[in-house]
Visitor: 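This is the structure, below, for whatever I ask next.
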Amino acid sequence: MAFPIQRLRRLRQSGPIRSLVRETRLSADQLILPLFVHHGTEKVEIPSMPGQYRLGINDLVKETTRAFQLGIPAVILFGIPEIKDEFGSEGLDPNGIVQQAVRAIKKETPELVVITDVCVDEYTSHGHCGIVKNGKILNDETLDLLVKMALTHVQAGADIVAPSDMMDGRVGAIRTALDKSGFQDIPILSYAVKYASCFYAPFRDAAGSSPEFGDRKAYQMDPANRREALREAELDIEEGADILMVKPALPYLDIIRDLKDHFDLPVAAYQVSGEYAMIKAAAGKGWLDESKAIFESHLAMKRAGADIFLTYFAKEMAQMLTEGQL
Ligand code: PBG
């Protein structure tokens with residue numbers, strides 16, 4: 001029984017009716033705000049990410065307090081060290097920038113969930129996510145660094161650790177070490193499916209973490225591969241991951257849906273720096289309506305199956321959601 005009996009426009013005729021039959025909704029309590037922290041007191045805007053900054057600890061705490069007031073439950077921290085070296089030493093220092101930042105945030109807003117990115121690339125002089133020898137990124141040797149880094153984050157008070165390096169076996173290594181040290185209740189948010197993407201470019205600008213030589217294709221996933229994402233996720237689950245992340249988000253909606261359909265873990269989607277930059281750039285030129293582009297892109301991720309969103313737009317979204325603009 002088709003037209004004229006069936007008329008789909010009946011349920012589209014007014015705002016209230018559309019609202020009643022809306023299938024997908026966004027809410028502030030699913031958002032994670034990524035933040036960059038550096039030494040010193042300067043607040044430096046990231047050129048390729050207008051509206052995002054490298055923050056000193058004081059400004060960072062202002063920002064996290066504001067995020068919490070807006071109803072955002074969690075932040076994820078990225079550190080920019082004073083000195084970068086071959087092994088990313090500051091990343092493992094109990095007094096490193098991220099460890100200090102975690103302590104400062106937890107002191108001010110203990111209920112805010114503080115997640116830390118566990119990866120050495122922001123701290124290494126060569127910009128790779130692991131120990132480099134003869135031009136190769138060593139897997140097993142890097143695990144020791146990641147384990148040490150995760151432990152210092154948790155000892156500083158981090159609530160969740162998020163390994164983003166794509167070394168094989170890192171979730172298991174971190175899980176074992178956390179459990180041995182009495183941190184069996186700390187969840188691991190795994191960057192389970194992380195592609196070797198061009199959309200991280202503005203982040204590398206922000207963290208100064210572009211690889212000095214080569215690229216990340218020997219450890220991050222090939223954008224052409226879909227089935228491999230399931231293998232990555234499955235292994236991380238076996239190793240003890242609690243939440244699975246897909247990154248980037250919008251160009252990989254099929255992968256978000258695959259993970260949702262195959263596994264019972266919560267799925268997080270990371271709208272990465274390049275996705276942020278695209279919206280900002282087009283909106284800046286007046287070519288797109290920024291709020292609408294933010295809303296529609298996150299709705300797409302949610303429809304695809306994402307439960308949690310890591311997004312540089314978290315504050316704008318939370319504000320618009322409370323004001324009923326979205
Ligand atoms: C690695 C890491 C990266 C991002 C998050 N964690 C950079 C990379 O893999 O090169 C990118 C996030 C973004 O682009 O917003 N520590």
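In what follows, every heavy atom counts, from backbone to side chain, and hydrogens, waters and symmetry copies are set aside. Remember, it's 1-based here, ligands and their atoms both numbered in the order they're listed.
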Visitor: When you compare the side chains of His298 and Gln30, does any donor N or O come within less than 3.5 Å of an acceptor on the partner?
Guide: no

Visitor: If we set the cut-off at 4.0 Å for heavy atoms, which region of Val272 has an atom near ligand 1: side chain, backbone, both, or neither?
Guide: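 The part of Val272 near ligand 1 is both the backbone and the side chain.
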
Visitor: What part of Tyr276 sits under 4.0 Å from ligand 1 if we count only heavy atoms: the side chain, the backbone, both or neither?
Guide: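 Contact part for Tyr276 vs ligand 1: neither.
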
Visitor: Answer yes or no for Lys43 and Tyr53: cation-pi contact, defined as NZ/CZ to six-membered ring centre under 6.0 Å and angle to ring axis within 45°.
Guide: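 Judged by the rule, Lys43 and Tyr53 form a cation-pi pair.
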
Visitor: Charged N to carboxylate O below 4.0 Å: is that the case for Lys315 and Glu63?
Guide: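 Yes.
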
Visitor: Which of the atoms of ligand 1 are close to Lys194, meaning less than 4.0 Å from one of its heavy atoms?
Guide: 1 (C), 2 (C), 3 (C), 6 (N), 8 (C), 9 (O)

Visitor: Looking only at protein heavy atoms, which one is nearest to atom 5 (C) of ligand 1, and how far off is it?
Guide: Lys247 NZ, 2.7 Å

Visitor: Considering only NZ, NE, NH1 and NH2 on the basic side and carboxylate oxygens on the acidic side, decide whether Lys148 and Asp144 come within less than 4.0 Å.
Guide: no

Visitor: Which of these, Asp121, Ile76, Val118, has its nearest heavy atom closest to atom 16 (N) of ligand 1?
Guide: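 That would be Asp121.
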
Visitor: Applying a heavy-atom cut-off of 4.0 Å, say which part of Asp165 lies close to ligand 1: side chain, backbone, both or neither.
Guide: neither

Visitor: If we ignore hydrogens and angles and just use 3.5 Å, is the side chain of Thr65 paired with the main-chain N or O of Val61 as donor and acceptor?
Guide: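 Checking the backbone N and O of Val61 against the side chain of Thr65, a donor-acceptor pair under 3.5 Å is found.
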
Visitor: To the nearest 0.1 Å, how far is atom 15 (O) of ligand 1 from its closest protein heavy atom, and which atom is that?
Guide: Tyr312 OH, 2.6 Å

Visitor: Do side-chain atoms of Glu239 reach the backbone of Gly172 as a donor and acceptor pair under 3.5 angstrom?
Guide: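 Looks like yes, one N/O pair under 3.5 Å.
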
Visitor: Where the closest heavy atom to atom 8 (C) of ligand 1 is concerned, which of Gln271, Met166, Arg216, Met49 has it?
Guide: Arg216

Visitor: Is Gln220 in contact with ligand 1, taking contact as a heavy-atom separation below 4.0 Å?
Guide: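 Gln220: in contact with ligand 1 (<4.0 Å).
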
Visitor: Any idea which atoms of ligand 1 are less than 4.0 Å away from a heavy-atom of Tyr270?
Guide: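 Matching atoms, with element in brackets: 12 (C), 15 (O).
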
Visitor: Which one of Tyr123, Phe36, Tyr200, Tyr312 satisfies the ring-ring contact (aromatic ring centres under 6.0 Å, His included) criterion with Phe78?
Guide: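 By the ring-ring contact (aromatic ring centres under 6.0 Å, His included) criterion, Phe78 pairs with just one of Tyr123, Phe36, Tyr200, Tyr312: Phe36.
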
Visitor: Nearest heavy atom to atom 14 (O) of ligand 1: which of Gly79, Gly274, Pro248, Ser273 does it belong to?
Guide: Ser273

Visitor: Could you see which bit of Cys119 sits under 4.0 Å from ligand 1, with heavy atoms only: side chain, backbone, both or neither?
Guide: side chain

Visitor: So, Lys106 and Asp159, do they make that salt bridge, N to O below 4.0 Å?
Guide: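 Yes, charged N to carboxylate O under 4.0 Å.
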
Visitor: Thinking salt bridges, do Arg257 and Asp254 make one under a 4.0 Å N-O criterion?
Guide: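 Here Arg257 does not pair with Asp254 in a salt bridge, since their nearest N and O are not under 4.0 Å apart.
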
Visitor: Heavy atom of Glu275 under 4.0 Å from ligand 1?
Guide: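 Distance cut 4.0 Å: Glu275 fails for ligand 1.
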
Visitor: Tell me: protein heavy atom nearest atom 12 (C) of ligand 1, and distance?
Guide: Phe203 CD1, 3.4 Å

